[in-house]
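What follows is one structure encoded as structure tokens, with my remarks underneath.
Letters A, B, ... mirror the listed sequences (proteins, then strands); counts begin at 1. No hydrogens, no waters, no symmetry mates; every other heavy atom, side chains included, goes into these values.
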2 protein chains.
Amino acid sequence: MHINKTMLFKGIDENDCKRMLKCFKAEEKNYKSGDTICNYSEKTDFIGIVTSGSVNVIRGDENGNISILEHIEENGLFGKYFIYPASVGEGIYVVCDCACTVIFIESFHITKRCSKACVCHSTVVSNMFDIVTEKSKELSSHLIVLSCRSTREKLLCCFRLLSAQSQSTSFELPFSATALAEYICVDRSAMTRELKKMKEECIITMNKRKVTLL
Amino acid sequence: MHINKTMLFKGIDENDCKRMLKCFKAEEKNYKSGDTICNYSEKTDFIGIVTSGSVNVIRGDENGNISILEHIEENGLFGKYFIYPASVGEGIYVVCDCACTVIFIESFHITKRCSKACVCHSTVVSNMFDIVTEKSKELSSHLIVLSCRSTREKLLCCFRLLSAQSQSTSFELPFSATALAEYICVDRSAMTRELKKMKEECIITMNKRKVTLL
DNA sequence: AATGTGTTGTTGCTTTTGCAACAAATATAA
DNA sequence: TTATATTTGTTGCAAAAGCAACAACACATT
């Protein structure tokens, strides 16, 4: 594992990274698929760096519906306080999408400079800016998907964004069908029904997770 | 108008602000209620600082439905490139909520340091970080609202967030009824019907824009 | 006060979506 | 491999939400 492949330590020498991780009192943990990594109702303010695998930030409601708020791939980062307002957190969890490794760092280590004032800390702060900007873009894309009024429009909007990302009319879904329904916040069976109609109307083709917009 | 009341120039001396605005080739424009300020499908990369009034970032779909993506109050900031991914923009507009004044600055002036290398530019960059963080929090709150499956849950979720913000069970809606429906992305008449039921079930009381959670 | 413009409230009807339940297919673990 | 769990596809039925149309109301302008 190369820590400088992660978004937070990008552009920093591997040895400097190791030194900083020690200084930041970073802790590494391993999880298996389906494990709950943390609960955003906890008050502790830390960030999690996903060094292998991928995780989802989910919200569960009182009726048992699950919604995926964020999907975080390898080398991505999650954390309550730098993205959600203090008042939310109830019902929000980070769960493993597959077996994964996460490095935890308490947030104040990132934001407040330590006495050693190492130069590479500036790079971390600058990377943090890029991460927050990137997160905004992902949140806004997701918001645009959810602002669509019908299941079909949500699906098409989501597919168009993925298509633009891959610069092709064909692309691989980063989700299972169940997870896709949770991401667009609709009932799974209703989504399947709509996808079937869309295939029949020749708007899309689907093969496992590979989607093509026609 | 005090430019250092805005989020971007916070903490900077008024004279320095004026000097920077000149250096940034800032342009001020006035609008009246309902005016379209800009269209995010345009390629120009600028930010807009709302120095008076308030604006909404909206998205219109092919059926004529309007969704409010962001609501920006006085001293807030809008801009396509620091928040939306390059592929979106089609159908997204910034419109005036009421008469307002906006200062436009091309983004590269903010991100790229000019040769004069003034100290206060660092404060602007640091403020920009805070603004993006703040935006993330607003986007994530909105996302949580839209992740709710029913109109009632969307309303309650939205009301609970506003209640937490005002630290009271009573609060003033920042929206008209029509705009609230556009913010939670549901049909206005269906929303009114649901609000009526909620009043009858003694879950809320409403008086004009003042809402109380019971 | 009269007029026009826009917002809010209301309702019947239609369509979409959610829910529940189960079968089929696939993946995972023993 | 076999057993077990999970995911996917399907459907009928009920509930929720959207649509359209209009009346009531509020507000600003003349």
message: To the nearest 10°, give me the bend of the helix from dA1(C)-dT30(D) to dA30(C)-dT1(D), comparing the axes of its five terminal pairs at either end.
response: 60°
message: Rounded to whole Å, how long is the line connecting atom CE of Met191(A) with atom P of dT7(D)?
response: 13 Å
statement: Of Phe46(B), Tyr93(B), Phe82(B), Tyr84(B), the one forming a ring pair (Phe, Tyr, Trp, His ring centres under 6.0 Å) with Tyr40(B) is Tyr84(B)
- prompt: What pairs with Glu90(A) under side chain to side chain contact (heavy atoms under 4.5 Å, CB included), at least two apart in sequence or on another chain?
  reply: Ser41(A)
query: In whole angstroms, how far is the C1' atom of dC19(D) from the CG atom of Asp61(B)?
result: 14 Å
statement: Nt span of DNA chain C in reach of chain A heavy atoms at under 4.0 Å, 5' end first, is dT17(C) to dA20(C)
Pull out every protein N or O sitting under 3.5 Å from an N or O of nucleotides 11-16 of chain D, one pair per line with the distance.
{"residue": "dG12(D)", "atom": "O6", "partner": "Arg193(A)", "partner atom": "NH1", "Å": "3.4"}

Donor-acceptor contacts, no H, no angles, side chain residues 142-150 of chain A, under 3.5 Å, sequence neighbours left out:
{"residue": "His142(A)", "atom": "ND1", "partner": "Leu69(A)", "partner atom": "O", "Å": "3.0"}
{"residue": "His142(A)", "atom": "NE2", "partner": "Tyr183(A)", "partner atom": "O", "Å": "2.8"}
{"residue": "Ser147(A)", "atom": "OG", "partner": "Ile144(A)", "partner atom": "O", "Å": "2.8"}
{"residue": "Arg149(A)", "atom": "NE", "partner": "Ser147(A)", "partner atom": "O", "Å": "3.4"}
{"residue": "Arg149(A)", "atom": "NH2", "partner": "Ile66(B)", "partner atom": "O", "Å": "2.7"}
{"residue": "Arg149(A)", "atom": "NH2", "partner": "Ser67(B)", "partner atom": "OG", "Å": "3.3"}
{"residue": "Ser150(A)", "atom": "OG", "partner": "Glu153(A)", "partner atom": "N", "Å": "3.2"}
{"residue": "Ser150(A)", "atom": "OG", "partner": "Glu153(A)", "partner atom": "OE1", "Å": "3.2"}

- prompt: dA26(D) P sits how many Å from Arg209(B) CZ, rounded?
  reply: 15 Å
message: So, applying side-chain contact (heavy atoms from CB on, under 4.5 Å) with Ile83(B), which one of Leu139(B), Val132(B), Ile47(B) is it?
response: Leu139(B)
Pairs under 3.5 angstrom only: tabulate donor-acceptor contacts from the side chains of residues 205-214 of chain B to other protein residues two or more places apart or in another chain.
{"residue": "Arg209(B)", "atom": "NE", "partner": "Phe175(B)", "partner atom": "O", "Å": "3.3"}
{"residue": "Thr212(B)", "atom": "OG1", "partner": "Ser170(B)", "partner atom": "OG", "Å": "2.8"}

message: What is the distance, to the nearest angstrom, from the CG atom on Leu195(A) to the C1' atom on dT7(D)?
response: 15 Å
task: Please state how far atom CE in Met198(B) lies from atom P in dA17(D), giving the value in whole angstrom units.
output: 11 Å
For residues 17-25 of chain A, run the donor-acceptor check on the side chains, cut-off 3.5 Å, and write out each pair with its distance to 0.1 Å, sequence neighbours left out.
{"residue": "Arg19(A)", "atom": "NH2", "partner": "Asp16(A)", "partner atom": "OD1", "Å": "2.9"}

- prompt: Tell me: CE of Met206(A) to C1' of dG9(D), nearest whole Å?
  reply: 12 Å
task: Map Asp187(A) and Lys208(A) onto DNA chain C by nearest heavy atom, then report which one ends up closer to the 5' terminus.
output: Asp187(A)
message: Tell me which pairs pass ring pair (Phe, Tyr, Trp, His ring centres under 6.0 Å) where either residue lies in residues 190-214 of chain A, with sequence neighbours left out.
response: none
field: Which residues share a salt bridge (Lys or Arg N to Asp or Glu O under 4.0 Å) with Asp35(B), sequence neighbours left out
entry: Lys32(B)
task: Kindly write out the residues that satisfy side chain to side chain contact (heavy atoms under 4.5 Å, CB included) with Glu134(B), not counting sequence neighbours, or none if the list is empty.
output: Met7(B), Glu138(B)
task: Take the protein atom CG of Leu146(B) and the nucleotide atom C1' of dA17(D), then report the distance between them rounded to whole Å.
output: 16 Å
query: What salt bridge (Lys or Arg N to Asp or Glu O under 4.0 Å) pairs are there with at least one residue in residues 51-79 of chain B, not counting sequence neighbours?
result: Glu70(B)-Lys135(B)
message: Which residues pass the side chain to side chain contact (heavy atoms under 4.5 Å, CB included) test with Lys197(A), not counting sequence neighbours?
response: Arg152(A), Glu194(A), Glu201(A)
statement: In whole angstroms, the gap separating P of dA17(D) from CZ of Arg152(A) amounts to 21 Å
